[in-house]
Amino acid sequence: MSYIRSIAYTDSDVQVFANNVQIALVRSITENVKTRMYPLKAFGELQPLSVIPGGRSYEIVLTREESADGVDFTLLDEFDLNLKKSAGVIVYSNCRLESTEIVRKAGEPLIEKLRFTAEGRKEVPVWTTTT
């Protein structure tokens, strides 16, 4: 049994960096968090007594316009992906490119949908000082 939670970022103030290099023209970002759940059953019982969460896996989907100054993810193996927002930074560690989907409509720029997996996720808030 597993539990999946999705978060979509489409704010104009979100900046995306891979190994401290900004990715060009990101249109949207979607995060899927999958948590594996393990039921605990007592001997002779049909229904579980409790459910404990297991490990988490992260999937990040970036939609961007293809450009010459964009990052080529096929050359990267394990990298960090940073989402910089006004409220803080989300850092995904040990990312790997899983798949690339390219869509082209007549009269529009080439759109890439990049799907990554990450081993870890950390959220760092922005600290504001008042004087």
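Quick note: numbers below take in every heavy atom, side chains included, and nothing from hydrogens, waters or symmetry partners.
You'll find the side chain of Y92 reaches within 4.5 Å of the side chain of L83, heavy atoms only. Within the 4.5 Å cutoff, the side chain of L114 has heavy atoms near those of the R64 side chain.
The cluster map of Ile, Leu, Val, Met, Phe, Trp and Tyr, joined by side-chain heavy atoms under 4.5 Å apart, puts L97 and I29 in the same cluster. Linking ILVMFWY side-chain heavy atoms closer than 4.5 Å, directly or via other members, places F116 and F17 in two distinct hydrophobic clusters.
The line from OG of S57 to CD of E119 is 10.5 Å long, rounded to the nearest 0.5 Å. Rounding to the nearest 0.5 Å gives a distance of 6.0 Å between CD1 of I60 and CG of L81. Taking CD of E31 as the start and CZ of R121 as the end, the distance is 4.0 Å to the nearest 0.5 Å. Summarising the geometry, atom OH belonging to Y58 is positioned 12.5 Å from atom CG belonging to N94; distances are rounded to the nearest 0.5 Å.
Closest heavy-atom contact between K41 and E45: CD-O, 4.3 Å. In terms of heavy-atom proximity, G54 sits nearest to T35 at O-CG2, 4.2 Å.
Other residues sharing the hydrophobic cluster of L75, ordered by chain and number and joined by side-chain separations under 4.5 Å: none, the residue standing alone. Clustering of Ile, Leu, Val, Met, Phe, Trp and Tyr by side-chain heavy atoms under 4.5 Å joins V61 with none of the others. Think of V91 as one node in a network of Ile, Leu, Val, Met, Phe, Trp and Tyr side chains linked at under 4.5 Å; its network also takes in V89.
Under the rule for a side chain to side chain contact (heavy atoms under 4.5 Å, CB included), the partners of I102 that lie at least two apart in sequence or sit in another chain are T100, L110, E112. Considering only residues two or more places apart in sequence or on other chains, I52 meets the side chain to side chain contact (heavy atoms under 4.5 Å, CB included) condition with Y38, L40.
Legend: salt bridge (charged side-chain N to carboxylate O under 4.0 Å, His left out) pairs involving residues 93-103, not counting sequence neighbours, sorted by first then second residue: D77-R96, E78-R96.
Heavy-atom neighbours of Q47 CD from other residues, nucleotides or ligands within 6.0 Å: at or below the threshold of 12.
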